[in-house]
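One structure is given below, encoded as structure tokens.
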Number of protein chains: 4
Amino acid sequence: MSTDASVKKTSRKGPSRSEESRSAILEATRAELAESGWRTFSVDSVAKRASASKQTIYRWWPSIGAMCVDAALALIPDSPDGGRDPQERIATLIVPLEAAARTGNGHAVLRGALMAAADDQHAGEAWRGWMNRDIRQPMRMVLAELAAKRVIRRDFDLDEVIEQLLGPLWHRICVIRGPVKEGYSMQQARYALRVYSTI
Amino acid sequence: MSTDASVKKTSRKGPSRSEESRSAILEATRAELAESGWRTFSVDSVAKRASASKQTIYRWWPSIGAMCVDAALALIPDSPDGGRDPQERIATLIVPLEAAARTGNGHAVLRGALMAAADDQHAGEAWRGWMNRDIRQPMRMVLAELAAKRVIRRDFDLDEVIEQLLGPLWHRICVIRGPVKEGYSMQQARYALRVYSTI
Amino acid sequence: MSTDASVKKTSRKGPSRSEESRSAILEATRAELAESGWRTFSVDSVAKRASASKQTIYRWWPSIGAMCVDAALALIPDSPDGGRDPQERIATLIVPLEAAARTGNGHAVLRGALMAAADDQHAGEAWRGWMNRDIRQPMRMVLAELAAKRVIRRDFDLDEVIEQLLGPLWHRICVIRGPVKEGYSMQQARYALRVYSTI
Amino acid sequence: MSTDASVKKTSRKGPSRSEESRSAILEATRAELAESGWRTFSVDSVAKRASASKQTIYRWWPSIGAMCVDAALALIPDSPDGGRDPQERIATLIVPLEAAARTGNGHAVLRGALMAAADDQHAGEAWRGWMNRDIRQPMRMVLAELAAKRVIRRDFDLDEVIEQLLGPLWHRICVIRGPVKEGYSMQQARYALRVYSTI
DNA sequence: CATTAAACGAGACGGTACGTCTCGTCTTTGC
DNA sequence: GCAAAGACGAGACGTACCGTCTCGTTTAATG
């Protein structure tokens with residue numbers, strides 16, 4: 001879930017990466033994203049708030065956008081085990097995102113990370129990497145299974161379904177700026193099933 | 001469709017706003033948004049490219065975000081007259097957006113404007129103002145009519161429908177960065193009708 | 001005593017130069033010079049304070065420095081008739097300058113004008129023109145007379161004497177920023193006579 | 001002789017002030033002062049010419065005026081040891097100033113610094129500080145000694161004497177804009193002795 | 001142990017851009 | 001045709017950040 005360069009070559013002279021510093025930076029990133037938005041967000045402020053040196057930031061992240069994505073992904077919990085019925089199985093995949101959006105400043109942090117991913121090369125790769133791992137692949141499995149059971153059409157387009165599922169959430173977070181209500185994921189899953197259902 | 005301060009007090013001493021300068025600035029804004037993205041976008045560059053003074057920009061727009069939104073809205077054509085069948089009537093409302101997204105750099109410009117609207121106070125107001133005028137109100141009429149005819153449920157939530165309709169488009173423009181295909185609006189309208197249909 | 005372009009072609013169609021506007025501008029110039037100093041002094045402020053248009057300023061003065069010199073010269077009264085004894089006759093020439101320096105904001109205005117004259121082509125010409133007319137030429141007469149009477153040496157250097165007489169005043173106005181006391185001119189005249197006296 | 005903030009807290013983390021950058025900035029300041037004068041002098045130009053960042057300038061000097069004063073003071077050599085006779089001892093104090101005024105662009109640089117000192121708070125303090133240290137205090141000693149020997153009057157006013165000595169020099173530099181000839185200091189010292197002599 | 005290499009905080013540096021202010025010119029409207 | 005009003009291109013103001021680069025200090029594995 002992390003995009004930084006910590007490929008830990010464990011045996012090396014000198015001290016290893018300071019976890020303290022890493023988490024302080026991510027925490028500061030979240031706070032600054034919530035206060036400033038993506039465009040006005042500043043590395044200097046993050047460094048100051050985290051009592052970290054800018055060098056430390058640039059050492060471990062390829063760009064500040066990637067750092068923002070990291071900071072956001074840290075808010076997203078792991079998916080619980082999928083439920084029984086189709087709607088629940090689909091919802092399960094996006095429930096962690098919904099959860100993150102409902103934490104304190106999660107709304108703003110997700111917005112920042114999404115914008116970073118749209119603006120910044122590295123951030124975009126980090127974000128799409130996570131999407132592939134945690135959303136796209138699992139979703140493919142679930143949809144394939146549902147298609148096999150004839151619950152949904154067999155010619156679905158995976159990316160289109162994801163677009164239908166996540167688009168509205170992002171719209172709510174970035175444009176409407178309205179709250180993400182309890183059960184939002186279930187509702188989206190229901191809508192998706194309706195759209196792609198065989199009947 | 002404009003958010004600037006040109007409330008033309010027609011009889012006033014001195015020269016009036018230069019239309020030449022205005023359009024050069026908006027054109028430069030679009031070019032820069034396409035080249036640089038929202039975060040790295042710079043007023044200096046726009047001014048230079050438009051052979052305009054920064055003062056002229058700050059005189060007429062409350063913020064550069066608002067200027068970006070203006071530049072994007074200028075790409076969106078007026079809605080044609082609505083068609084006959086329900087799906088077409090809904091699609092008609094978002095067809096201009098689809099059209100804008102398919103012009104030369106429209107994809108990038110819309111992305112920039114959307115991000116500006118998410119980051120910047122004034123830009124947000126300008127964008128939501130346009131949404132209300134050109135999307136929300138017409139949509140309310142169409143949906144009310146469809147509800148009266150029992151084509152869709154009568155307890156629909158206007159904003160939720162808009163979220164379902166536009167969310168995926170934005171997702172495609174900002175995250176997926178994939179092309180918006182011909183007929184996208186019709187497809188989204190069909191999906192929406194399915195979700196909210198009475199059957 | 002004025003350096004502007006008002007070479008009044010007296011019979012001419014249309015309105016002629018507005019004296020009201022002229023004096024308002026010079027008064028505003030003095031006020032701004034006193035408040036802001038030479039470097040921060042601004043034409044816009046003068047125009048605003050004088051309720052005048054910038055165009056009017058640029059129409060009548062070749063540069064803002066020249067305008068500052070004009071504003072200062074307007075503070076300097078005409079020389080009274082020269083006295084009887086040598087010291088008094090010399091002092092008489094610089095008494096108006098001393099007087100100007102002791103009016104309300106005269107200290108600051110003179111400082112501004114002197115700096116304008118040092119920095120600005122036109123202002124320098126205006127200032128030196130005034131110096132020639134009101135200081136240099138009369139002084140040449142007085143000194144020639146005193147030399148003829150053997151009160152001072154006959155090989156005096158006119159400009160050097162003026163330098164000795166005025167230099168300290170300027171130093172006081174610009175650097176020391178101390179008050180110019182009553183009788184300053186007489187004292188300087190006495191010193192000059194001592195320096196150049198035949199004994 | 002420097003007015004900047006380099007109060008060298010010798011043991012500090014991080015890099016220390018770059019001497020290279022400091023001297024490049026002062027050199028560029030001198031060049032720009034000579035080319036542009038005080039009012040049109042621009043920090044941007046200095047930064048560009050010195051290949052320095054504006055931030056570096058603002059980091060180390062409280063104002064650009066103070067920087068100009070620094071740039072000028074760097075031109076003024078140390079006083080040589082005072083001579084034997086009274087005139088020479090006084091002249092010695094202002095000889096370095098005369099020397100500076102005769103270097104390449106020293107004339108213009110001194111003019112700029114003097115104007116900066118007249119316009120700008122910090123520059124004024126810097127200039128008067130230097131005056132106190134390098135002119136006023138030594139002069140006080142010399143004059144006291146001469147007064148004790150009855151060469152000059154015992155009730156001289158220190159500041160007035162300085163005014164008489166330096167005023168003409170400044171006048172020449174700023175207004176007359178004439179060259180400062182070899183021996184100028186000696187001449188001024190002679191004049192001063194005459195003015196304040198006991199006979 | 002002492003050495004040595006990396007990580008860290010602090011922060012100076014050359015730059016770019018910010019949003020504001022001023023310059024000198026130009027244009028429109030009113031007297 | 002003069003004057004007020006004020007828009008305009010140009011560019012400097014002083015500040016904030018960018019990403020890079022020393023500095024000294026701290027920490028941990030190696031010799």
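In what follows, chains are A, B, ... by sequence order, proteins preceding strands, each numbered from 1.
- OP1 and OP2 of E:dG11 both lie 4.0 Å or more from every side-chain N or O belonging to D:R17.
- Residues B:S18 and A:G14 each lie close to DNA chain F; by heavy-atom proximity, the contact nearer the 5' end of the strand is made by B:S18.
- Taking the six-membered ring where the residue is Trp, D:W127 and D:W130 present tilted rings, their angle falling between 30° and 60°.
- The separation between C:D44 atom CG and E:dT25 atom P is 13 Å, rounded to whole Å.
- In this entry the distance linking CD1 of D:I57 with C1' of F:dG14 reads 11 Å, nearest Å.
- Rounded to whole angstrom, the span from the CZ atom of B:R39 across to the P atom of E:dT16 amounts to 18 Å.
- Within 4.0 Å of C:S51, counting heavy atoms only, lie sugar-phosphate atoms of the nucleic acid but no base atom.
- Per the geometry, CG belonging to A:D120 stands 13 Å off P belonging to F:dC18, to the nearest Å.
- Within the structure, a side-chain polar atom (N or O) of A:R59 is placed less than 4.0 Å from OP1 or OP2 of E:dC8.
- Map A:P15 and A:Y58 each onto its nearest nucleotide of DNA chain F; the residue landing nearer the 5' end is A:Y58.
- Donor-acceptor pairing under 3.5 Å, judged by distance alone, is present between the side chain of B:K54 and the base of E:dG19.
- Taking only distance into account, the side chain of B:Q55 never meets the base of F:dC8 through a donor-acceptor pair shorter than 3.5 Å.
- Considering only side-chain N and O atoms, A:W60 lies nowhere under 4.0 angstrom from the phosphate OP1 or OP2 of E:dA7.
- Within the nucleic acid shown, C:A52 comes within 4.0 Å of sugar-phosphate atoms alone, with no base atom in reach, counting heavy atoms only.
- In this model, no side-chain donor or acceptor of C:T56 finds a partner on the base of F:dA3 within 3.5 Å.
- Summarising the geometry, the separation between NZ on A:K13 and C1' on F:dA29 is reported as 8 Å, rounded to the nearest angstrom.
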